[in-house]
Amino acid sequence: MTYARGISLGMALAFITACSDTPSPLSPDRAPQAALEESNALLQRYVAIGTSVSMGWQSDGLTAASQYDSWPAQFTRMSGVAFTQPYVSGTGCRAPLAAPLASGLRISGEPAGAPAASLACAPLQGGITLPTQNVAINGATTFNALNSTPESFADPFTPKLYGLVLPPGTTQLRAAMQQKPRVVSVELGANEVLPARSGIAIPGTTITPFAAWAPLYDALVDTVQQVAPRVVLVGLISDVATFPGFRRGAEIYADAAMLLGAFHVQVAADCDANQNLVFVPVRIPTAVATGIGRRNAGLSPTVLSCADGGSGVQDFILTPAEAGVVNAALGQMNAHIRAVADRHKLAHFALETLYGMPGLKPPFSSVQLMTSAQPYGSLISLDGIHPSGAGHAILASAAARALNARYNMRLPEASAFIAGR
């Protein structure tokens, strides 16, 4: 019933806000300067709908600096166009993890592993009027984008986060459409699958069934494309194993001597040649903290196992069969997103542009993970999932290429992002 309500809302908005603009390429015979001016005029009314990736979430938190580095912000800066965002003040909402991970802290000084509900959420910077052009929200599903407002959640943290982005009683979609956008990016679908990183990969439990998701996505895109003459849909990754935060048991076993010597962690024999995917952002810091505590107490090493805890157990381990379930869901959703883009003649690129890059994941090293400022390489932040500023630059360039290919917008395609600025 809730899904049906989401569809009807999308249809209603499509009816209420539809306009006569038809997505079509800009004239190919324009002078370069005229083409740039025309495209920049469109970008001044660009709105980003999406999840944590479009929001600028990095290292399991949000700050003004990470929002500034988000791919939608970099995408507009490439053309010299201003882009408004709901910039959060202070140490953020919630404060990102602090480097190195061995500190066990967030940049606010709060414990890294503290429950989300207990973490501080700073208010917006002064002078910001909601909604801004970036209405993406961490954790948002397609259903949320259609239906959820700041008042929709009962937990202590989520209403605060939504309240930073959306006016009271307003959904992502409505906030976007109220701005009468000329260009819209839609980056949704990842949170229908991402909960499976917990090690529970069950459709209907941690994975939204395709049959429930697809009508919601279609309704949202139908609304957007009737309002905005330029739309870019963002596809997902193709293989959950490409997340730098996932490592094979065999990779961890290869680092067994270092884990034991440096952190008093005994890698179990079941990790040898093990092809299970272990979510190291949770499993390794937890094992290291336990191991060091036991060493300081004069106790034997803690044991780190790569064995699966069984179906329905939150162990942050995906067996090859469970990974196959996740990848099948990703494949079906990706195919649908591409088909929707083709059907409506919309621009399209995928997060796979970044996450499918050869060499994205450096060789696994527990010492690197716990002591480096870039434990997952230069393109991924400290949480092992979300892009760093340099990773966002790759997505920004992909967005420009996609819009140029579909609409001949002649946007600049190279980000000026400087890593480590």
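Not measured: the values here are computed from a predicted model.
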Rounded distance (nearest 0.5 Å) linking atom [atom1] of [X] with atom [atom2] of [Y]:
| X | Y | atom1 | atom2 | value |
| --- | --- | --- | --- | --- |
| Glu192 | Phe210 | CD | CZ | 11.5 Å |
| Gln133 | Thr84 | CD | OG1 | 3.5 Å |
| Met258 | Ile252 | CE | CD1 | 15.0 Å |
| Ile380 | Phe243 | CD1 | CZ | 8.5 Å |

Inset, instruction - Quick one: closest heavy-atom pair of Val193 and Ala329, and the distance? - result: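 Shortest heavy-atom contact: CG2-CB, 4.4 Å.
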Inset, instruction - Under the side chain to side chain contact (heavy atoms under 4.5 Å, CB included) rule, collect the residues that match up with Ala140, sequence neighbours excluded. - result: Ile137, Asn144, Tyr162, Gln172
Legend entry - Residues which pass side chain to side chain contact (heavy atoms under 4.5 Å, CB included) with Asp60, listed by chain and number, not counting sequence neighbours: Trp57, Arg94, Leu97, Arg106, Asp383
Legend entry - Stepwise side chain to side chain donor-acceptor pair (under 3.5 Å) check, His348 with Asp342: CA-CA 9 Å; His348 172 274; Asp342 290 344; over 6 Å; no
Looking only at the side chains, is there a donor atom on one of [X] and [Y] sitting less than 3.5 Å from an acceptor on the other?
| X | Y | answer |
| --- | --- | --- |
| Ser397 | Glu413 | no |
| Ser198 | Gln314 | no |
| Asp155 | Thr158 | yes |
| His386 | Ser59 | no |
| Thr149 | Glu151 | yes |
| Asp218 | His336 | yes |
| Thr51 | Glu187 | yes |

Hey, does [Y] have a side-chain heavy atom less than 4.5 Å from the side chain of [X]?
| X | Y | result |
| --- | --- | --- |
| Ser372 | Pro100 | no |
| Val325 | Pro203 | yes |
| Asn138 | Leu161 | yes |
| Leu119 | Phe157 | no |

Inset, instruction - Verify side chain to side chain donor-acceptor pair (under 3.5 Å) between Ser388 and Gln58, making sure each step is shown before the conclusion. - result: CA-CA 6 Å; Ser388 65; Gln58 290 186 40; 5.7 Å; no
Inset, instruction - Name all residues meeting the side chain to side chain donor-acceptor pair (under 3.5 Å) criterion together with Ser185; count only those two or more places apart in sequence or in a different chain, and write none if there are none. - result: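 Ser185 satisfies side chain to side chain donor-acceptor pair (under 3.5 Å) with Tyr46 once adjacent residues are dropped.
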Inset, instruction - Output all residues satisfying side chain to side chain donor-acceptor pair (under 3.5 Å) with Thr170, sequence neighbours left out; order by chain, then residue number. - result: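 Here no residue qualifies.
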Legend entry - CA sep, side-chain torsions, deciding dist, call: Ser366, Asp255, side chain to side chain donor-acceptor pair (under 3.5 Å): CA-CA 7 Å; Ser366 57; Asp255 194 55; 2.5 Å; yes
I'd like to know if the side chain of [X] reaches the main chain of [Y], judged simply by a donor and an acceptor atom lying under 3.5 Å from each other, with no hydrogens or angles considered.
| X | Y | result |
| --- | --- | --- |
| Arg77 | Tyr68 | yes |
| Tyr217 | Met333 | no |
| Gln67 | Pro86 | yes |
| Tyr407 | Val231 | yes |
| Thr353 | Phe349 | no |
| Thr208 | Trp213 | no |

Inset, instruction - Determine, step by step, whether Asn408 and Arg410 satisfy the side chain to side chain contact (heavy atoms under 4.5 Å, CB included) criterion, reporting the C-alpha distance in whole Å, the side-chain angles of both residues, the deciding distance to 0.1 Å, and the verdict. - result: CA-CA 6 Å; Asn408 190 35; Arg410 298 186 183 180; 3.9 Å; yes
Return all side-chain donor-acceptor pairs below 3.5 angstrom for residues 276-288, not counting sequence neighbours, or 'none' if the list is empty.
unit_1, atom_1, unit_2, atom_2, d
Asn276, ND2, Asn274, OD1, 3.4
Asn276, ND2, Cys306, O, 3.0
Arg283, NH1, Asp315, O, 2.9
Arg283, NH2, Ser305, O, 3.0
Thr286, OG1, Val282, O, 2.7

Inset, instruction - Go through the steps for Phe83 and Thr132 under the test side chain to side chain contact (heavy atoms under 4.5 Å, CB included), then give the verdict. - result: CA-CA 8 Å; Phe83 181 66; Thr132 65; over 6 Å; no
Inset, instruction - Among Val224, Ile337, Val221, find the one that has a side chain to side chain contact (heavy atoms under 4.5 Å, CB included) with Leu346. - result: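 Exactly one option meets the side chain to side chain contact (heavy atoms under 4.5 Å, CB included) with Leu346, and it is Val221.
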Under 3.5 Å, which donor-acceptor pairs link side chains of residues 232-242 to any protein atom two or more places apart or in another chain?
unit_1, atom_1, unit_2, atom_2, d
Asp239, OD1, Ala241, N, 3.0
Asp239, OD1, Asn327, ND2, 3.0
Thr242, OG1, Asp239, O, 2.7

Inset, instruction - I would like to know whether Leu369 and Leu101 meet side chain to side chain contact (heavy atoms under 4.5 Å, CB included); could you show each step before the answer? - result: CA-CA 7 Å; Leu369 177 66; Leu101 293 176; 4.1 Å; yes
Legend entry - Check against side chain to side chain contact (heavy atoms under 4.5 Å, CB included), Val135 and Met55: CA-CA 7 Å; Val135 297; Met55 187 184 207; over 6 Å; no
